[in-house]
Amino acid sequence: MGRALEESDDPDERVGSAGIVEKRFWTLGTEADPFLLDNRQTLAPITVAYETYGTLNAARDNVILVQHGLTGSSHAAGKYAPENRSVGYWDSLIGPGKVFDTDRFFVVAVNSLGGCRGTTGPSSIDPRTGRPYGLTFPIITIRDMVRLQERFLRECLGIERLRLVTGGSMGGMQALEWAVTFADRTDAVLPIATTPRLSARGIAFNEIARRAICLDPKWRNGEYYDHPEGGPDAGLALARMVGTITYLSDPIMERMFGRTPAAQTSALERDLHARFDVERYLHEEGEALVRRFDANSYLYLTKAVDLHDISRDYPTMEAALARITARIFFISISSDDLFPPHETEAAVAVLRRLGKAVEYHCLDSVYGHDGFLVEQARLRPLIRAFLRSPD
């Protein structure tokens with residue numbers, strides 16, 4: 001079993017910022033020594049983008065690994081420059097005196113393989129051709145992401161063991177995969193708003209999103225990077241609109257938008273393109289993703305989420321979960337339709353039957369799947385209690 005994590009006695013009394021942070025890069029693999037993927041294809045070289053917060057101790061045993069969601073990045077806390085208005089996605093959790101106290105812990109955030117926020121993905125340059133990979137990029141899995149992270153931590157930072165691995169959504173899938181694949185190197189795991197494998201409903205929504213991209217004429221079978229007319233912005237925006245609907249619950253959409261029109265009601269009755277507030281919001285979400293994300297990466301990462309199943313290569317789900325030796329705390333969101341609580345609870349029941357050190361909490365929230373990002377104030381005491389609990 002892993003050791004209990006320590007934290008400040010009164011974290012709320014001493015809260016600081018992670019401050020100015022830097023995105024760093026590390027490259028592994030050569031043509032002679034490539035990274036072997038689950039599907040037996042190879043990839044090299046691979047660049048990994050990452051950020052760190054706090055100080056690695058002499059024993060190298062105070063490490064917390066933080067994983068991001070589908071369109072996230074390694075920017076989990078702090079700012080890149082003082083004038084930046086935005087901070088990392090879990091800034092309220094990471095920093096001096098916060099839940100993941102950087103006065104005590106060395107927090108590492110890694111950008112996932114296949115993305116477009118610094119780590120190698122389909123928009124990266126293929127050294128064999130000098131052009132972006134596009135659809136020649138190999139299919140990847142959540143397990144590939146985790147195995148790459150293990151090599152990065154070990155070979156780049158000299159880290160052999162993790163005090164805690166945590167993340168929400170796709171990040172939670174990676175956290176759980178760490179507990180299974182590297183059971184002997186993981187002390188504690190905190191998967192949030194996730195399940196051991198995606199449901200058929202979740203796969204269905206991802207397929208609709210992918211089709212939205214692929215049916216955009218500007219997608220051009222993934223070969224759009226150097227085209228003067230640009231890429232499949234409309235398709236990617238529509239994919240994000242589909243995803244956004246799965247991230248929000250019906251109650252919160254009613255609370256946020258209801259049937260409120262963006263303009264006068266009479267305009268809705270006279271103009272086909274006049275929008276309700278919820279329509280405007282979906283379009284804004286789509287346009288925002290287009291400015292920061294690559295369409296091919298969206299295809300590859302959603303496929304990786306669909307393919308994920310921690311029982312793959314094991315006789316049963318129970319056999320996979322039986323490998324876990326870490327303390328584990330699942331947090332689900334009551335209104336999460338994408339990763340519904342009953343699926344998490346099924347995994348918890350198996351772990352309890354196996355006698356594993358598992359805790360579970362279903363956060364009562366109207367925010368749906370987005371609760372793992374929105375409800376940070378309510379997550380803090382839950383996480384804090386888990387960090388303080390004994391083995």
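The structure displayed is predicted, hence computed values, not measured ones.
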Novice: Are any of the side-chain heavy atoms of D38 and R147 separated by less than 4.5 Å?
Specialist: yes

Novice: Would Y53 and Y50 show up in the same hydrophobic cluster when neighbours are defined by side-chain heavy atoms closer than 4.5 Å?
Specialist: no

Novice: Looking at R128, I want to see if its CZ is surrounded by more than 12 non-hydrogen atoms of other residues, nucleotides or ligands under 6.0 Å.
Specialist: no

Novice: Apply the test side-chain hydrogen bond (donor to acceptor under 3.5 Å, both in side chains) to residues T195 and T344: give CA-CA distance (whole Å), side-chain angles for both, the deciding distance (0.1 Å), then the verdict.
Specialist: CA-CA 5 Å; T195 54; T344 302; 5.9 Å; no

Novice: Can you tell me which residue pairs pass the salt bridge (charged side-chain N to carboxylate O under 4.0 Å, His left out) test with a partner in residues 22-35, sequence neighbours excluded?
Specialist: E22-R24

Novice: On a heavy-atom basis, which atom in M317 and which in I310 lie closest, and how many Å separate them?
Specialist: SD-CG1, 3.6 Å

Novice: For A49, is there any backbone N or O sitting under 3.5 Å from a side-chain donor or acceptor partner on N111?
Specialist: no

Novice: Is any side-chain N of the basic residue among R210 and E207 closer than 4.0 Å to the acidic one's carboxylate O?
Specialist: yes

Novice: Look only at the side chain of T166 and the backbone of L190, and say whether a donor-acceptor pair between them is shorter than 3.5 Å.
Specialist: yes

Novice: If only atom types and distance count, is the side chain of S297 paired as donor or acceptor with the main-chain N or O of G114 below 3.5 Å?
Specialist: yes

Novice: Is it true that K218 and D216 have a side-chain N and a carboxylate O under 4.0 angstrom from each other?
Specialist: no

Novice: When you measure from the side chain of S335 to the backbone N and O of S365, does any donor-acceptor pair fall under 3.5 Å?
Specialist: yes

Novice: Taking 4.0 angstrom as the limit, do K79 and D91 come out as a salt bridge?
Specialist: no

Novice: Minimum heavy-atom separation for Y300 to P138, with atom names?
Specialist: CE2-O, 3.3 Å

Novice: With a 4.5 Å heavy-atom cut-off, do L164 and F105 have their side chains touching?
Specialist: no

Novice: When you look at T194 and Q174, which way does the side-chain contact (heavy atoms from CB on, under 4.5 Å) test go after all the steps?
Specialist: CA-CA 10 Å; T194 197; Q174 293 172 74; over 6 Å; no

Novice: Could you walk me through whether E375 and L363 pass side-chain contact (heavy atoms from CB on, under 4.5 Å), step by step?
Specialist: CA-CA 9 Å; E375 298 275 27; L363 185 69; 3.8 Å; yes

Novice: Check the orientation of Y281 and F257. Use parallel for under 30°, tilted for 30 to 60°, and perpendicular for over 60°.
Specialist: tilted

Novice: For P340, is there any backbone N or O sitting under 3.5 Å from a side-chain donor or acceptor partner on E343?
Specialist: no

Novice: Could you check whether any side-chain N or O of T52 sits under 3.5 Å from a backbone N or O of V108, counting only pairs where one atom can act as donor and the other as acceptor?
Specialist: no

Novice: Examine the side chains of N39 and Q41 and answer whether a donor and an acceptor come within less than 3.5 Å of each other.
Specialist: yes

Novice: Once salt bridge (charged side-chain N to carboxylate O under 4.0 Å, His left out) is applied, what residue pairs with a partner in residues 166-181 remain, sequence neighbours excluded?
Specialist: R143-E177

Novice: Can you name the closest pair of heavy atoms from D103 and G97 and give their distance?
Specialist: OD2-N, 4.3 Å

Novice: Kindly give the heavy-atom pair with the smallest separation between F329 and L382, and that separation in Å.
Specialist: CE2-O, 3.5 Å

Novice: Using the ring of each side chain (for Trp, its six-membered ring), is Y133 parallel, tilted or perpendicular to F137, with breaks at 30° and 60°?
Specialist: perpendicular

Novice: Do you know which two heavy atoms are closest between N296 and G134, and how far apart they sit?
Specialist: ND2-CA, 3.8 Å

Novice: As a test of understanding, state which of Y89, W90, Y80 forms a ring pair (Phe, Tyr, Trp, His ring centres under 6.0 Å) with H75.
Specialist: Y80

Novice: May I ask you to establish whether R131 and Y225 are in a cation-pi arrangement, using a distance under 6.0 Å from NZ or CZ to the six-membered ring centre and at most 45° from the ring axis?
Specialist: no

Novice: Ignoring hydrogens, what is the shortest heavy-atom contact between E223 and L135? Give both atom names and the distance.
Specialist: OE2-N, 4.4 Å

Novice: Let me see the working for R327 and D187 under side-chain contact (heavy atoms from CB on, under 4.5 Å), right down to the final yes or no.
Specialist: CA-CA 6 Å; R327 293 190 305 117; D187 291 341; over 6 Å; no

Novice: For R163 and D61, indicate whether the former's side chain and the latter's backbone hold a donor-acceptor pair under 3.5 Å.
Specialist: yes

Novice: Taking side-chain contact (heavy atoms from CB on, under 4.5 Å) as the criterion, tell me which of L301, V48, L43 meets it with L113.
Specialist: L43

Novice: Given side chains that start at C-beta, do those of R161 and V63 come closer than 4.5 Å, heavy atoms only?
Specialist: no

Novice: Determine, step by step, whether S169 and H369 satisfy the side-chain hydrogen bond (donor to acceptor under 3.5 Å, both in side chains) criterion, reporting the C-alpha distance in whole Å, the side-chain angles of both residues, the deciding distance to 0.1 Å, and the verdict.
Specialist: CA-CA 8 Å; S169 192; H369 185 61; 2.8 Å; yes

Novice: Is the shortest side-chain N to carboxylate O distance from E284 to R275 below 4.0 Å?
Specialist: no

Novice: Quick one, L198 with N206, criterion side-chain contact (heavy atoms from CB on, under 4.5 Å). Give me CA distance, side-chain angles, the key distance, then yes/no.
Specialist: CA-CA 10 Å; L198 191 63; N206 280 345; 3.6 Å; yes

Novice: Give a yes or no on this: more than 12 heavy atoms of other residues, nucleotides or ligands lie within 6.0 Å of atom CZ of R352.
Specialist: yes

Novice: Check for a donor-acceptor pair, side chain of S249 on one end and backbone N or O of V366 on the other, with a separation under 3.5 Å.
Specialist: yes

Novice: State, yes or no, whether a side-chain contact exists between Y367 and L373 at a heavy-atom distance under 4.5 Å.
Specialist: no

Novice: Do S112 and H68 pass the side-chain hydrogen bond (donor to acceptor under 3.5 Å, both in side chains) test, and can you show the C-alpha distance, the side-chain angles, and the key distance before you say yes or no?
Specialist: CA-CA 8 Å; S112 295; H68 64 78; 3.2 Å; yes

Novice: Distance-only, no hydrogens or angles: does the T244 side chain make a donor-acceptor pair with backbone N or O of L282 under 3.5 Å?
Specialist: no

Novice: Quick check: do F100 and L387 have side-chain heavy atoms less than 4.5 Å from each other?
Specialist: yes

Novice: So, the side chain of T186 versus the backbone of F182: is there a donor-acceptor pair under 3.5 Å, distance only?
Specialist: yes

Novice: For Y314 and D309, test the side chains for any donor-to-acceptor distance below 3.5 angstrom and give the result as yes or no.
Specialist: no

Novice: E318 versus L354: any side-chain heavy-atom pair under 4.5 Å?
Specialist: yes

Novice: If you define the side chain from C-beta out and look only at heavy atoms, does anything of F106 sit under 4.5 Å from I159?
Specialist: yes

Novice: Is any side-chain heavy atom of R292 closer than 4.5 Å to one of T71?
Specialist: yes

